[in-house]
Protein chains: 2
Amino acid sequence: MSAEEPTIAEAVLNAGFDISTCPVRDVMDHIGGKWSSLLLLVLSTKPHRFGELKRAVPDISQRMLTQTLRDLQRDGYISRHVFATVPPSVEYRLTPLGESLMPALTALVAWAVDNHPRIAEARQTFDAA
Amino acid sequence: MSAEEPTIAEAVLNAGFDISTCPVRDVMDHIGGKWSSLLLLVLSTKPHRFGELKRAVPDISQRMLTQTLRDLQRDGYISRHVFATVPPSVEYRLTPLGESLMPALTALVAWAVDNHPRIAEARQTFDAA
DNA sequence: CAGCATCCGTCGCGATACTG
DNA sequence: CAGTATCGCGACGGATGCTG
């Protein structure tokens, strides 16, 4: 049964991918957002407060930070803890589910770092024509 | 030097991530597109012609198929081979660079398949409140 | 400090029609 | 068969100002 075992790609493809049930779309469409992966990466080092996240990702707007954090929370990647202090503070941290995603995500990031020069080169070559 | 070795996340974060140089953004922003990962997945099984890709991903528009393929080609993930037959046929296949990406990408896909139920559950819980 | 509300521009993406 | 061209909408996302 090992000789003709379908690859992961084949398995997913053969399952068909209706937009409502396809895990690839459901997951990729969310962590593929403009800020999601970056925020997950930041939170993977340690829990952060709202302001810390804003400073860690300088060019994110307050609006998108709030919205992206809520989306990540909704999907169960991160948790939100409110401390009723004065002034108030809110801490965000990865959930176990979020942590379980990190190996795969960092693998992709590591690939990106390694192959970034090659991509830049490919782009130059393509644009030259 | 192994005790305090920075993680991949820390390394990327400490390097700062200007929008022009950050590999995470540069790569994620592209393969995070609506169709990119799906097409790469399809092409990872074997080379496909334009029409085959269209049938393999039924709900993609011709416009987005053309555009996404061109973007993937520009970044060096796939190559395009024209056969001057009648009628004409064009074959797309992964480049070595594209193939080198697949392990990391399929790892993410595998995670998505495994944890899809958990995400759906998290969403339900969140939306209930 | 940690948001929410509003306005507004950009662009991703689909639908349709046309071409070599 | 494998595209290109044009149109249009809706979502994404930035800037600004207000609140508990």
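Here is how names work: the chains are called A, B, and so on, in the same order as the sequence lines, proteins then strands, and each is numbered from 1.
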Under the side chain to side chain donor-acceptor pair (under 3.5 Å) test against B:Tyr92, which residue among B:Glu52, B:Arg80, B:Arg49, B:Gln73 passes?
B:Arg80

When all nucleic acid strands are considered with a 4.0 Å heavy-atom cut-off, which category describes A:Ser89: base, sugar-phosphate, or nothing?
sugar-phosphate

Check whether any side-chain nitrogen or oxygen of B:Lys34 sits under 4.0 Å from OP1 or OP2 of C:dG14, and answer yes or no.
yes

Nearest-nucleotide wise, let me know which of A:Thr68 and A:Pro88 is further upstream toward the 5' end of DNA chain D.
A:Thr68

Of the candidates D:dG3, C:dA2, D:dC1, the side chain of B:Thr66 sits closest to D:dG3

For A:Glu91 and for B:Arg63, find the nucleotide of DNA chain C with the closest heavy atom, then tell me which residue's nucleotide is more 5'.
A:Glu91

Whole angstrom is fine here: how far is it from CG in A:Asp29 over to P in D:dC12?
10 Å

When you check the gap from the basic side-chain N to the acidic O, do A:Asp26 and B:Arg123 get nearer than 4.0 Å?
yes

Counting the atoms with a prime plus P, OP1 and OP2 as sugar-phosphate, which does B:Gln62 contact under 4.0 Å by heavy atoms, base, sugar-phosphate, or nothing?
base

Determine the minimum heavy-atom distance between A:Leu108 and B:Leu105, stating which atoms define it.
CD1-N, 4.2 Å

Report yes if a side-chain nitrogen or oxygen of B:Tyr92 is closer than 4.0 Å to either non-bridging phosphate oxygen (OP1 or OP2) of D:dC1; otherwise report no.
no

Indicate whether OP1 or OP2 belonging to C:dA2 is found under 4.0 Å from a side-chain N or O atom of A:Arg49.
yes

Separation of C:dC13 atom C1' from B:Lys54 atom NZ, nearest Å, is 13 Å

How close or far is atom P of D:dA2 from atom CD of B:Gln67, stated in whole angstroms?
19 Å

Within this structure, what is the CZ-to-P distance between B:Phe83 and D:dC1, rounded to whole angstrom?
16 Å

Just the rounded figure in Å: distance from P of D:dC12 to CG of A:Asp71.
9 Å

Just how far, in rounded Å, is P of C:dA2 from CG of A:Leu53?
9 Å

Nucleotide D:dA2, atom P - distance to CZ of B:Arg70 in whole Å:
16 Å

Looking only at heavy atoms, what is the nearest atom pair of B:Ser44 and A:Ala9, with distance?
OG-CB, 3.5 Å

According to a strict under-4.0 Å criterion, is B:Arg55 in side-chain N/O contact with OP1 or OP2 of D:dA2?
no

Starting from C1' on D:dT16, measure out to CE on A:Met64 and report it in whole angstrom.
16 Å

For C:dG3 and A:Arg80 - does any side-chain N or O of the residue sit under 4.0 Å from the phosphate oxygens OP1/OP2?
yes

Check this for me, if you would: do A:Asp59 and A:Lys34 make a salt bridge, where the nitrogen-to-carboxylate-oxygen distance has to be below 4.0 angstrom?
no

